[in-house]
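Each remark here refers to the structure printed beneath this line.
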Amino acid sequence: MLPSILTKSTTSPSAARLHLRLLPASSLHTSTPLRLAAIGAPPPPPPPAQSPSFLLPCPSPSYNHYATTLRTCVLSRAVRPGRQLHARLLVSGLGLDPALSIRLVDLYASCGHVSHARRLFDRMPQQWNVFLWNVLIRAYARDGPREAAIEMYRAMVANGSVEPDNFTYPPVLKACAALLDLATGREVHERVGRTRWAADVFVRAGLVDMYAKCGCVDKARAVFDGTAVRDAVLWNSMIAACGQNGRPAEALALCRDMAAEGVGPTIATLVSTISAAADAAALPRGRELHGYGWRRGFGLQDKLKTSLLDMYAKSGLVKVARVVFEQLVHRDLISWNSMICGYGMHGHADEALELFSEMRSEAQVMPDNITFVGILSACNHGGMAKEAKEFFNLMVTVYSIKPTVQHYTCLVDVLGHSGRFEEASDLINGMSVEPDSGIWGALLNGCKIHKNVELAELALQKLIELEPEDAGNYVLLSNIYAQSGKWEEAARARKLMTDRGLKKIIACSWIELKGKSHGFLVGDASHPRSYEIYEELERLEGLMSQAGYVPDTTPVFHNVEDDEKRNMVRGHSERLAIAFGLISTPPGTKLLITKNLRVCEDCHVVIKLISKIVQREIIIRDVNRYHHFVNGECSCKDHW
DNA sequence: CTAGGGTTAG
């Protein structure tokens, strides 16, 4: 059975080749006769039916035969025939001339056989031209080791016989981006600035992407803004840059500007923008993009559907997400993971696990570490400690996936929740990776629920070491000491915080109504309808106390100072956002609120009551999960 | 005398 390339080759530049095959070996290393022969050749003789392939024995293949077939191999990326050709050349005694070697290097490099390409490259130092350097740099940048791409670039510059060009810089920048090597990236940027490639769109897109991946969005933006002629890919790079660096609003704005400047969006534009809308929980905008993608004819593509699925899940509409998932023509790893994680975030543990078993039984995709992050967080949000441990073991033993810190965090979290502190501690001590702030934060969370002062103290000390900038940790630690009568330590913790000049992260919630985002800080009175908002809160408080609600005043583990706390009882940002949502929408409308921190215990109780009193579905998107409040209950079953 | 940049899950 021959690869299709071989059969194809007989139908293409056949005339010349068939003719030349018959030429004597004296035509070796003369590269011209091909075209002349083709022109002067009589009409092609009917191809011999039995020997179409160049791999079948050919009495004395000529140089030109090798050259053209190798060209065909390069064009269709056929390595295997290429390798055979290479071997034949060597045994035939024809050897490799520069032109053939260059083509072979190109073939090997573009088919993922970089080491073969490199071996040939190293043997032909006198032929090193820009193209050859570029071919290798590109291959290393794409298939790794990425360090080699940068090394080759440096070698090229050091060698000095050729200058890097507009085909050199983009892959080098890509390697810098992948390695987060900002220093080299800057160096390249500087060099580019001194050449005539400074304005090249390909180079500039590379720069934007490199800066973005290294976290310097502003630098990326500067490069973008300084580009005279912007094509779709450059816009896409900038949109992705904002999306990947937590600036979704800017990404959405850029998408509009792009359309305004008359640059047509591509599928990548929509995928990136939809993902940004998902991160901003900007459902109306996401829906608009959904419709737009549909009209542009992208709607049938699975890539777009997958980003929509994610967007709907993150906007609280898990059921809609599932409908989109069902409509996929082909489910790849990303779509399975998106859906499983979507269920996980919402605390729909059963659905997540069911989908996982479906994935294992019917799909040709293998679960990866992200799949297990989804599964473990689903168990976690469902309070299923036993299952979480089982899946963790399954991951390690059956799938041979090395657990990452995220997997450990899920386990510590679920163990801490169930008050199984010994197991949690053992796990942390036996971890193959260094515990990070996420691990200690998860442990602390369990300590709060079960009032485990000792372990909380340890966790907080570690947290302060790891995140000296987060003031909340100091306040909590100080409160714990105060609680157990260790006044001196309490004072020391506080002093440490003030000495370092730290302030707490200000809580903020926002709600999107009619395409406009309304943000609220704690105790915020700046909204134009502030008066009505507080009036509504007061009305609700009245109804709640009739229902028997008493504000939570337990001082332990509260992240605020006592005096501060009293002022804040009614002013928590999510309550303001909810009250605003209630007075601005018709009865029965669902509310989606996004918050930059976690929901506090008291607010959780209050929102449950509100959902019952006003008969509304309220969805809160926390830093790490979703809460669906319906008729006095929350989907997290008080487990968060 | 050849080729290339951006894209979703955690």
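Convention: sequence-line order gives letters A, B, ...; per-chain numbering from 1.
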Contact class for [X] (heavy atom, under 4.0 Å): base, sugar-phosphate, or nothing?
X: A:Asn166; result: base
X: A:Thr266; result: base
X: A:Thr306; result: base
X: A:Val201; result: base

Review point. Stacking here means centres under 5.5 Å and planes under 30°; does A:Trp336 stack on B:dA9?
Key: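 Here the ring of A:Trp336 and the base of B:dA9 are not stacked, as the 5.5 Å and 30° limits are not both satisfied.
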Review point. With a centroid cutoff of 5.5 Å and a plane-angle limit of 30°, would you call A:Phe131 stacked on B:dT2?
Key: yes
Using atom [atom1] of [X] as one end and atom [atom2] of [N] as the other, report the distance to the nearest whole Å.
X: A:Leu104; N: B:dT2; atom1: CG; atom2: C1'; answer: 14 Å
X: A:Gln127; N: B:dT2; atom1: CD; atom2: P; answer: 18 Å
X: A:Met339; N: B:dG10; atom1: CE; atom2: P; answer: 12 Å
X: A:Phe167; N: B:dC1; atom1: CZ; atom2: P; answer: 15 Å
X: A:Leu309; N: B:dT7; atom1: CG; atom2: P; answer: 20 Å
X: A:Phe121; N: B:dT2; atom1: CZ; atom2: P; answer: 19 Å
X: A:Ile370; N: B:dT8; atom1: CD1; atom2: C1'; answer: 11 Å
X: A:Met238; N: B:dT7; atom1: CE; atom2: P; answer: 13 Å

Review point. Can you tell me how far CE of A:Met359 sits from CD1 of A:Ile375, rounded to the nearest 0.5 angstrom?
Key: 8.5 Å
Review point. A:Ser338 and A:Ser335: side-chain donor and acceptor closer than 3.5 Å?
Key: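 Short answer, no.
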**Study point:** Passing option when A:Asn337 is tested against A:Thr306, A:Asp310, A:Asp368, A:Asn369 for side chain to side chain donor-acceptor pair (under 3.5 Å)
**Key:**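 With A:Asn337 as partner, side chain to side chain donor-acceptor pair (under 3.5 Å) holds for just one option, A:Asp368.
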**Study point:** Within 45° cone of A:Phe167 ring axis and under 6.0 Å: A:Arg138 NZ or CZ
**Key:**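 That pair does not qualify as a cation-pi contact.
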Review point. Would a line drawn from the ring center of A:Phe372 to the ring center of A:Phe356 be shorter than 6.0 Å?
Key: yes
Nearest-neighbour nucleotide for the [X] side chain, [options] considered:
X: A:Phe202; options: B:dG10, B:dA9, B:dG4; value: B:dG4
X: A:Asp165; options: B:dA9, B:dA3, B:dT7; value: B:dA3
X: A:Asp368; options: B:dA9, B:dA3, B:dG5; value: B:dA9
X: A:Asn337; options: B:dA9, B:dG5, B:dT2; value: B:dA9
X: A:Val271; options: B:dT2, B:dG10, B:dT7; value: B:dT7
X: A:Ser272; options: B:dT8, B:dG5, B:dT7; value: B:dT7

Does the side chain of [X] get closer than 4.0 angstrom to OP1 or OP2 of [N] through an N or O atom?
X: A:Gln301; N: B:dT8; answer: no
X: A:Lys305; N: B:dA9; answer: no
X: A:Lys314; N: B:dA9; answer: yes

Review point. Side-chain donor or acceptor of A:Asn134 under 3.5 Å from a matching atom on the base of B:dA3?
Key: yes
**Study point:** Heavy-atom donor-acceptor pair, A:Asp200 side-chain to B:dG5 base, under 3.5 Å
**Key:**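 No, no donor-acceptor pair under 3.5 Å.
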Exercise for review: May I ask you to check whether over 12 heavy atoms, not counting those of A:Glu354, lie within 6.0 Å of atom CD?
Suggested key: no
